[in-house]
Trainee: 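Got a structure for you, questions after.
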There are 2 protein chains.
Amino acid sequence: MTTRRTGLREQKKQATRVALREAALRLALQYGPENVRVDDIAEAAGVSPRTYNNYFSSREQAIVAAVTAEREERIAAAVADRPAHDRLADALADAIVEQYTEPDDHDVLLLITENPSLRDAFLDTAATLEHPLADAIAQRLGDTAGTLTARVLAATVAAAVRAALHQWLQPPAAPCATGGLVVPSGSLPDLLRSALAALAPALDAADKLQDVQTG
Amino acid sequence: MTTRRTGLREQKKQATRVALREAALRLALQYGPENVRVDDIAEAAGVSPRTYNNYFSSREQAIVAAVTAEREERIAAAVADRPAHDRLADALADAIVEQYTEPDDHDVLLLITENPSLRDAFLDTAATLEHPLADAIAQRLGDTAGTLTARVLAATVAAAVRAALHQWLQPPAAPCATGGLVVPSGSLPDLLRSALAALAPALDAADKLQDVQTG
DNA sequence: AGTAAAACATGCGTGCGCGCAAGTTTGCGT
DNA sequence: ACGCAAACTTGCGCGCACGCATGTTTTACT
């Protein structure tokens with residue numbers, strides 16, 4: 001049972017969501033993000049403009065949604081697939097870096113990088129990591145640890161990813177490098193690993209706690 | 001302005017109606033009318049079974065609707081296209097006979113003829129002639145004649161057509177031929193013309209009345 | 001024939017998409 | 001700088017489709 005809602009209603013809802021996403025991305029790539037109106041996306045998706053805003057609350061959301069679609073699910077799945085004896089911190093870092101460096105997305109990420117209005121929307125998508133990640137972490141920690149722990153860790157990881165993306169999207173004009181724990185303005189994988197390294201102690205603590213209880 | 005409702009809502013409604021019609025006909029031709037369930041039609045149309053019965057109140061209606069789809073509109077258009085100086089009775093008869101003898105429909109009409117449950121549903125479709133025909137007749141008579149006259153004539157014509165179809169669908173086993181005004185058990189065109197001939201006096205009367213008024 | 005199962009048809013509550021009418025933001029021309 | 005028009009976003013009501021539960025009819029099996 002992967003998806004509980006197998007109803008025809010839910011199918012069609014997801015279908016229009018995907019149609020909107022793909023139409024938005026296609027039009028943005030073809031005409032440039034600034035030359036695409038909400039009405040155009042809605043029409044291309046065969047849907048009312050009002051319905052567009054029932055799914056996405058801003059014009060940019062649909063475009064970035066197409067880019068980050070299912071990335072969250074892939075990350076959660078990748079976390080779940082790591083060997084159980086791996087450190088949680090490593091599993092998370094590996095899965096996240098792996099999924100944020102898909103070569104397929106590279107040209108599209110450029111599109112986002114170059115458009116300031118898309119950047120903000122893109123950063124917001126990091127929040128969507130939280131729920132699937134919470135499930136994956138909870139499963140990894142086992143039911144013995146409270147759900148709260150998993151949720152908190154997922155939230156902090158998502159925040160860290162968001163911060164890394166934020167740093168990465170900054171134009172490299174800023175000199176930065178304050179000598180803190182996080183080394184800024186590097187490649188995206190480095191930024192992600194650095195950001196997550198700061199969380200390693202918390203992740204290790206939860207991880208060890210779980211080891212004691214189970215074994 | 002052919003269609004006033006150009007809204008997206010109406011478009012999609014007609015789309016699902018057409019999808020149901022065509023799915024029903026396709027399945028009926030492929031597997032036989034008795035081996036097609038409502039659920040199959042609905043699924044083929046990408047729609048809930050409940051929705052099927054929002055459009056068609058019986059299993060057979062969708063099948064026959066596909067056969068008679070837009071025939072009513074074609075008849076009304078054909079009536080409107082006849083020269084204005086033609087007798088109304090002739091215009092009606094010609095238009096109706098013409099549209100009920102489309103060679104494309106012939107194999108499908110056989111399907112209906114051979115299935116008793118489809119025959120009843122098919123006869124009911126004659127009633128759908130009434131509204132478009134009323135408009136065509138009203139336009140032909142001009143606004144001087146009351147709308148009521150046009151409606152009454154349209155209703156009687158539709159009833160006559162229904163009677164002719166009813167007669168035509170009867171297996172020729174019945175001896176009939178009672179010497180009345182209507183000669184039964186002939187070809188469909190003959191039956192239609194005979195049935196409409198009985199209405200000619202009424203049609204002529206309305207026609208002449210209109211000629212007097214318009215001068 | 002009689003009963004069980006399947007298919008058909010309908011009432012009713014709910015959710016989603018549409019259409020309209022605001023109010024707000026953005027960009028352009030004067 | 002100022003308005004003005006286009007585009008964006010949201011609130012609200014309505015209509016259509018869905019899902020379910022019910023009652024009825026048809027079919028199949030013994």
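Sequence lines set the chain letters: A, B, ... in the order given, protein chains first and strands last, and positions in each chain run from 1.
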Trainee: Check every atom of C:dA9, C:dG19, D:dA17 against the side chain of B:Ser58 and return the nucleotide holding the closest atom.
Mentor: C:dA9
Trainee: Rounded to the nearest Å, what distance is computed from the NZ atom of residue B:Lys13 to the P atom of nucleotide C:dG19?
Mentor: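 For the pair B:Lys13 NZ and C:dG19 P, the rounded distance is 12 Å.
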Trainee: Hey, does the side chain of A:Arg9 come within less than 4.0 Å of D:dA17's phosphate (OP1/OP2), counting only N and O?
Mentor: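 Answer is no, no contact under 4.0 Å.
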Trainee: If the condition is side-chain contact (heavy atoms from CB on, under 4.5 Å), which residues does A:Glu34 pass it with, not counting sequence neighbours?
Mentor: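 For A:Glu34 the side-chain contact (heavy atoms from CB on, under 4.5 Å) partners, ignoring immediate neighbours, are A:Arg59, A:Asn115, A:Ser117.
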Trainee: Find which nucleotide of DNA chain D each of A:Asn54 and A:Glu60 is nearest to by heavy atoms, and output the residue with the more 5' nucleotide.
Mentor: A:Glu60
Trainee: Do other residues, nucleotides or ligands put more than 12 heavy atoms under 6.0 Å from the CD atom of B:Glu130?
Mentor: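 Buried by this count: over 12 neighbours within 6.0 Å.
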Trainee: Can you confirm whether B:Glu70 is buried at CD, in the sense that more than 12 heavy atoms of other residues, nucleotides or ligands lie under 6.0 Å from that atom?
Mentor: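 Counting neighbours around CD of B:Glu70, 12 or fewer heavy atoms of other residues, nucleotides or ligands fall under 6.0 Å, so no.
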Trainee: If I take atom CG in residue B:Asn35 and atom P in nucleotide D:dT26, what distance separates them, rounded to the nearest angstrom?
Mentor: 17 Å
Trainee: Please give, in whole Å, the distance from C:dG27 C1' to A:Arg37 CZ?
Mentor: 14 Å
Trainee: Is any side-chain heavy atom of B:Val47 closer than 4.5 Å to one of A:Lys12?
Mentor: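 Yes, side chains in contact.
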Trainee: What is the distance, to the nearest angstrom, from the CG atom on B:Leu8 to the C1' atom on D:dC16?
Mentor: 13 Å
Trainee: Look at all strands and tell whether B:Tyr55 reaches a base, only sugar-phosphate, or nothing, counting heavy atoms closer than 4.0 Å.
Mentor: sugar-phosphate
Trainee: Within this structure, what is the OH-to-P distance between B:Tyr31 and C:dA7, rounded to whole angstrom?
Mentor: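 That distance rounds to 16 Å.
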Trainee: On DNA chain D, compare the nucleotides closest to A:Val36 and A:Lys12; which residue's is nearer the 5' end?
Mentor: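 Per heavy-atom nearest nucleotide, the more 5' residue is A:Val36.
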Trainee: Taking OP1 and OP2 of C:dA9, is either one under 4.0 Å from a side-chain nitrogen or oxygen of B:Ser57?
Mentor: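 No, no such contact exists.
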Trainee: Name the closest nucleotide to the A:Val38 side chain, picking from D:dT9, C:dC8, D:dA17.
Mentor: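 When the side chain of A:Val38 is considered, D:dT9 is the closest of D:dT9, C:dC8, D:dA17.
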Trainee: Nearest to the side chain of B:Arg50, which nucleotide is it out of D:dA17, D:dG19, D:dT10?
Mentor: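 In terms of side-chain proximity for B:Arg50, the closest of D:dA17, D:dG19, D:dT10 is D:dG19.
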Trainee: With a 4.5 Å heavy-atom cut-off, do B:Phe122 and B:Ile63 have their side chains touching?
Mentor: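 No. Closest side-chain heavy atoms not under 4.5 Å.
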Trainee: C:dC8 C1' sits how many Å from B:Phe56 CZ, rounded?
Mentor: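 Value for this atom pair: 16 Å.
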Trainee: Any idea which of D:dC16, C:dC8, D:dG19 is nearest the B:Arg59 side chain?
Mentor: C:dC8
Trainee: Please give, in whole Å, the distance from C:dG19 P to A:Glu43 CD?
Mentor: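 So the two atoms are 12 Å apart, to the nearest Å.
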Trainee: Whole-Å distance between D:dT9 P and A:Leu20 CG?
Mentor: 13 Å
